[in-house]
Each structure stands twice: as structure tokens, then as C-alpha cells.
Peer 1: 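My structure is below; once you've seen it, I'll send some questions.
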Amino acid sequence: MPSFATSPGTRDIIAPDAARWRSFQQVFADVVEAAGFAHIIPPMFEDLGVFLRVGETTEIVTKEMYDFEDKGGRRVALRPEQTASVCRAFVEHRPVTPWKVWYAGPNFRYEKPQQGRYRQFDQVGVEVLGVDDPQLDAEVIALAVEFYRRLGLRGVQLSLNSLGDSGDRDRYAAVLLAHFSTHRDALSAESRATLERNPLRVLDSKRPEDAALIAAAPRMADQLSEAAASHFVAVQSALLAGGVGFVVNDRLVRGLDYYRRTTFEFVSTSLVAAHTAIGGGGRYDGLVAELGGPDTPGIGFALGLDRTLLACDAEGVFGAPAARVEVFVVDATGGSEAGAVCTELRRAGIGTDRAYDDRSMKAQMKSADRAGARLAIIIGDDERSAKTAIIRTMEGGSQQTVQRDALVTHVRQALGR
Ligand code: HAM
């Protein structure tokens, strides 16, 4: 028989991590719903054309897309991110603006798998459509910062940049192309190839041979239109007023083409691996129009769940939530009692588990321990005939015998509720 394992770049998320994932998403929902964001669940695949709008020179489109023709002859793709889907949904449903939505779920990119980089990875994120105000940029960024605070993360740095309006960005790309082309031979082979496709991305190169040319490259700040420059100043003032620390990094270009004006990235200083970017976002003021909708500004961010949890591990914060099983029923009558006791306790909202197959008392106590239960309810033949049960604390081992028909009350008391 063949045996199977997960595909490269994918993982099974099992206990205790699966519960941790869920509470990560819950904490995020709590933070953003309290700020007026509504949940959106876009489909995991859609028309390839939606994702091509992310930018035909970005790697997630040119190299990493999981696209295929479905049985109806449609060209579809698994989503590599969710911003484009949200904009498509905006165009499709025409909701009232400002439209503030949040999402959580998996995305797919055919990347080279390694620690912190997967082919299926999860994000939580928000998008706001229909607002130009720089106050919103600061508010959106502050929400991410607040979420990191709730997780307990301390080592998160915010880098901020402005990529200007589309004219500014095009002008800057031309200036960069001229700069790098003059010194083309000094660039790494990879950067020479990148230069043809997207001169801005050369700034992302970490190759030592590119460092000097990048340091000497023209600055985006010098190409910003007056409107984009004053927007950027206003975002910075609002962040400072809100007590959100940041560094301006004018080499921050981000991996997606749709960004305009404000762009930002969160880097974990606790991660030493190559992938320290735990979240990022920015404005994408032209994207809705590119998807066939009215000219609509947009801003948002996505935080990588997998990587953020690695940062939590590194900082020793946001561990897995405690086990939900509080009580374990140890049935030494051959199994006739456990079912009814479980039903009764579970119905009373008390997390309860049991053993099967008429295991020995010792084996059942071991299972109780493994389940993380605080109490064991022990019922043997004597207790069954006397209509009683023994409540035993797992830690300390103190015991009391109680009436079977008052079990729920006694268990609640023993749990301190
Ligand atoms: P992104 O920078 O491509 O932006 O992804 C955001 C975050 O997702 C990254 O910072 C990283 O933590 C995580 N991530 C990305 N790729 C992987 C991977 N292969 N494995 C593990 N984690 C990964 C976006 O996706 C934009 N949609 C963000 C946005 C929202 N911009 C505006 N609105």
C-alpha cells in the first residue's frame, strides 16, 4: 500500500497548535470588530484575471500562482492573497463606503518551502475601501500594532514608506532604471533580470554585490507629488500622535505592484531566520478601478499567521490555550456509567471526556492525566449500587464521595464555579 505525507510547503496543524490558531483568529476578530470591521469570507479560488491585477511583474503572479483550467474550461487560481478578492467583491456587491472588512484564512503561493515560508499559509487581515483620509492609514496601522500587543509580542518593528501616486511611481521606476542601467554590469545577475521587469524590486535585493548601487540609488521621496508627500507627512503625524513608533524606510517597496502612497511592513526582531516580515500592507488606490469598479481608494494589511506564531514561540508568548477537558470519567463498572455521566456534565457546560474498551483503572487515570483534566469522577461497582460517585482532584489526589444525583453541583464546586 502506498503511504502518503503532506505535499511540500503544506502542514497538518494538529493539537495543541490548531486551538492556538483558532484563538489567534479570535483575538484578531475581537480587535478589529471592536473597530467596526465586518467579517468577509471570499472564495479560495477565483478567475485568474482577478489575481493578475496584483501585478503582472510580481513573483506571486509570474512564478508562484496555483492556476489551472477547471472542468468547465475556466482559467482559475487558488488565491495568493485576499486583497484582490476583497476588491473584486466590492465591485460585485457595491456596498456603501467606507467598507471595512476583515478576513482570515489560507493563501497559496508556489514558493520554495522553508521555515516560515510555506506554499499554503494563513493570514488575517483588514481592508477599507472608499476613504482617502491619512487618519485612516494611521488607524489601520494602529490596529495591527494593537493586535500584536494583545498577543503579547514586544519585538515588532514598523517600517513605513510612501510609493507615491501612480505617476510618481512610474517616474521613480524610470529614474531607477536609468541609475541601475548605467551600472548594469556591477549588478548581480538576479538583479539584472529583476531590473528588466520591475526596477523598484532591485531595491529589495539583499545580495552584497548590489548593496553599494542600492545605497547610491535615487530616493522615492524626491519623486513624490505634493499631494502624496503631504499625505505621507499627515500619516506620520497621526501615528506619532497615537503613540505608534515607526521608522521611515525609503527602500521599502513590498512585493506586490498595486501599492500607492502609504506602504508598511512589520518585522519581528525575535526571528533570526530569513523570513522576519510578519505582516505588511498599504494603499492600493487604483486596484478597484483596475477590476472594473469606480475609482476607489483602498488600504489594508495582512499578517502572516504562521510566521507571527513563530515570533510568539521565540518570545515565549501566546501559547496554546488550556485543554477544554476539565473532568475525566473513570468508569470501573465495565463502562455502564461513563456515557450518562459525560452527557450530564457536558450538558451543564463542563468539558468532560472518558475512556473506552473497559481499560484498567490505572490506564484510565493515565488518560485523565493526559487529557489535562482537573478532576476525575470515579465510579466502581460500589458507587454504582450506592448511587454515589467519587470526585478526585488530579493534583493532590484528595477525594470526596458525593451523591450521584447531585454530581453536577459538586463538580461545579470542586472546579470553583
Ligand atoms: P504580503 O506581504 O505578500 O502582503 O503578505 C503578508 C504577510 O503574509 C507577510 O508579511 C508574511 O508574514 C505572510 N506570508 C506571505 N507569504 C508567505 C509564505 N509563503 N509563507 C508564510 N507566510 C507568508 C499581502 O498578502 C497583501 N495582500 C497585504 C495587504 C493587504 N496589502 C493591503 N492589504
Side-chain angles (χ1 to χ4, degrees), residues 8-11 13 21 24 28 32 37 40 42 50-51 53-55 58-61 63-66 78-90 99-129 131 136-137 140-141 143-144 147-148 151 153 156-161 163 201 204 252-268 270-271 273-288 297-312:
T10 70
R11 298 165 298 153
I13 307 302
W21 277 46
F24 184 98
F28 188 74
V32 296
F37 286 76
I40 178 171
V50 171
F51 303 120
R53 299 317 189 272
V54 169
T58 64
E59 291 199 337
I60 69 173
V61 170
K63 289 194 192 154
E64 300 171 359
M65 195 85 87
Y66 276 91
L78 302 185
R79 64 182 185 207
E81 56 111 54
Q82 295 174 64
T83 310
S85 296
V86 167
C87 291
R88 191 266 315 136
F90 178 81
W99 198 43
K100 298 165 72 177
V101 294
W102 72 271
Y103 50 80
N107 309 283
F108 307 87
R109 299 181 189 176
Y110 192 80
E111 305 210 56
K112 199 165 163 221
Q114 50 196 286
Q115 165 91 323
R117 183 172 288 272
Y118 311 100
R119 289 182 176 164
Q120 177 177 332
F121 61 96
D122 260 58
Q123 289 178 338
V124 293
V126 302
E127 311 293 348
V128 183
L129 291 166
V131 181
L136 172 67
D137 304 29
V140 161
I141 292 172
L143 275 178
F147 173 61
Y148 291 133
L151 292 180
L153 281 176
V156 181
Q157 257 175 17
L158 167 62
S159 296
L160 193 65
N161 194 16
L163 291 176
R201 289 308 300 277
D204 262 353
L252 176 70
V253 289
R254 310 256 310 121
L256 302 105
D257 279 353
Y258 51 55
Y259 289 115
R260 302 283 176 266
R261 298 196 174 192
T262 314
T263 49
F264 52 92
E265 203 154 79
F266 295 99
V267 166
S268 164
S270 319
L271 291 176
H275 306 300
T276 56
I278 55 173
R283 283 204 163 266
Y284 42 86
D285 292 346
L287 188 54
V288 170
I299 182 169
F301 63 71
L303 314 180
L305 182 152
D306 313 68
R307 268 187 218 174
T308 307
L309 285 181
L310 289 175
C312 289

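No hydrogens, no waters, no symmetry mates; every other heavy atom, side chains included, goes into these values. Whatever order the structure lists ligands and atoms in, that order sets their numbers, starting from 1.
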Peer 1: Any cation-pi pair here, Arg119 with Tyr110, using under 6.0 Å and within 45°?
Peer 2: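 Yes, Arg119 and Tyr110 form such a contact.
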Peer 1: Using the six-membered ring of Tyr284, assess whether NZ or CZ of Arg260 lies under 6.0 Å from its centre and within 45 degrees of the ring axis.
Peer 2: no
Peer 1: Do you know the tightest heavy-atom contact between Trp102 and Val126?
Peer 2: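 Smallest heavy-atom distance, with atoms named: CB-CG1, 3.9 Å.
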Peer 1: Between the side chains of Glu127 and Tyr103, does any donor sit under 3.5 Å from an acceptor?
Peer 2: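 The criterion, which ignores hydrogens and geometry beyond distance, is satisfied for Tyr103 and Glu127.
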Peer 1: Among Glu81, Arg117, Glu111, which one has a heavy atom closest to atom 19 (N) of ligand 1?
Peer 2: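 The residue whose heavy atom sits nearest atom 19 (N) of ligand 1 is Glu111.
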Peer 1: How far is atom 26 (C) of ligand 1 from the closest protein heavy atom, and which atom is that?
Peer 2: Tyr258 OH, 3.4 Å
Peer 1: Under 30°, 30 to 60°, or over 60°: which ring-plane class applies to Trp99 and Phe90, parallel, tilted or perpendicular?
Peer 2: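 Answer is tilted, since the angle falls between 30° and 60°.
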Peer 1: Could you name the option among Tyr259, Phe266, Tyr284 that has the heavy atom nearest to atom 31 (N) of ligand 1?
Peer 2: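 Nearest heavy atom to atom 31 (N) of ligand 1 lies in Tyr259.
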Peer 1: So which heavy atom on His275 is nearest to which on Gly116, and how close?
Peer 2: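 Distance-wise, the nearest heavy atoms are CB-O, 4.1 Å.
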Peer 1: With heavy atoms under 4.0 Å as the rule, classify the contact between Asn107 and ligand 1 as side chain, backbone, both or neither.
Peer 2: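 Contact part for Asn107 vs ligand 1: neither.
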Peer 1: Measure the distance from atom 13 (C) of ligand 1 to every protein heavy atom, then report the residue, atom name and distance (to 0.1 Å) of the closest one.
Peer 2: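 Checked against all protein heavy atoms, atom 13 (C) of ligand 1 sits closest to Gly304 CA, 3.6 Å.
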Peer 1: Go through ligand 1 atom by atom and flag the ones less than 4.0 Å from a non-hydrogen atom of Thr83.
Peer 2: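 So the atoms of ligand 1 that pass are 26 (C), 27 (N), 29 (C), 30 (C), 31 (N), 32 (C), 33 (N).
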Peer 1: Testing the basics here: between Ile278 and Thr308, what is the closest heavy-atom pair and its distance to 0.1 Å?
Peer 2: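 Smallest interatomic distance, heavy atoms only, reads O-OG1, 3.6 Å.
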Peer 1: Could you list the atoms of ligand 1 found under 4.0 angstrom from a heavy atom of Ile278?
Peer 2: 10 (O), 12 (O)
Peer 1: Among protein heavy atoms, which sits nearest to atom 4 (O) of ligand 1, and what does the distance come to when rounded to 0.1 Å?
Peer 2: Arg254 NH2, 3.1 Å
Peer 1: List the atom of Gly298, the atom of Leu129, and the distance in Å for their closest heavy-atom pair.
Peer 2: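 Scanning both residues, the minimum pair turns out to be CA-CD2, 3.7 Å.
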Peer 1: Minimum distance, heavy atoms only, to atom 22 (N) of ligand 1: which one of Phe121, Phe108, Tyr118 is it?
Peer 2: Phe121
Peer 1: So which heavy atom in the protein is nearest atom 32 (C) of ligand 1, and how far is it from that ligand atom?
Peer 2: Gly300 O, 3.2 Å
Peer 1: Would you indicate which of Arg109, Glu127, Glu64 comes nearest to atom 33 (N) of ligand 1 when only heavy atoms are counted?
Peer 2: Glu127
Peer 1: Identify the closest protein heavy atom to atom 6 (C) of ligand 1: which residue and atom is it, and at what distance?
Peer 2: Gln123 NE2, 3.3 Å
Peer 1: Counting heavy atoms only, which of Gly116, Ser268, Gly125 comes nearest to atom 21 (C) of ligand 1?
Peer 2: Gly116
Peer 1: Numbering the atoms of ligand 1 from 1, which are under 4.0 Å from a heavy atom of Gly279?
Peer 2: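 Heavy-atom distances to Gly279 below 4.0 Å select 10 (O), 12 (O).
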Peer 1: Do Asn107 and Gln82 get their side chains close enough for a donor-acceptor pair, meaning under 3.5 Å?
Peer 2: yes
Peer 1: Looking only at heavy atoms, what is the nearest atom pair of Arg79 and Pro42, with distance?
Peer 2: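 Arg79 and Pro42 have their closest heavy atoms at NH1-O, 3.1 Å.
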Peer 1: With respect to Gln82, determine whether any N or O atom, backbone or side chain, lies less than 3.5 Å from an N or O atom of ligand 1.
Peer 2: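 No; every N/O pair is 3.5 Å or more apart.
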Peer 1: Is there any N or O on Asp306 that sits under 3.5 Å from an N or O of ligand 1?
Peer 2: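 No - when backbone and side-chain N and O of Asp306 are compared with those of ligand 1, no distance drops under 3.5 Å.
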Peer 1: Can you tell me which residue and heavy atom of the protein come closest to atom 12 (O) of ligand 1, and the distance to 0.1 Å?
Peer 2: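 Here the closest protein heavy atom is Ala277 O, 3.0 Å.
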Peer 1: Using ring centroids (six-membered ring only for Trp), state whether Phe147 and Phe24 fall under 6.0 Å.
Peer 2: yes
Peer 1: Using a 3.5 Å cut-off on N or O atoms only, is Ala302 in polar contact with ligand 1?
Peer 2: no
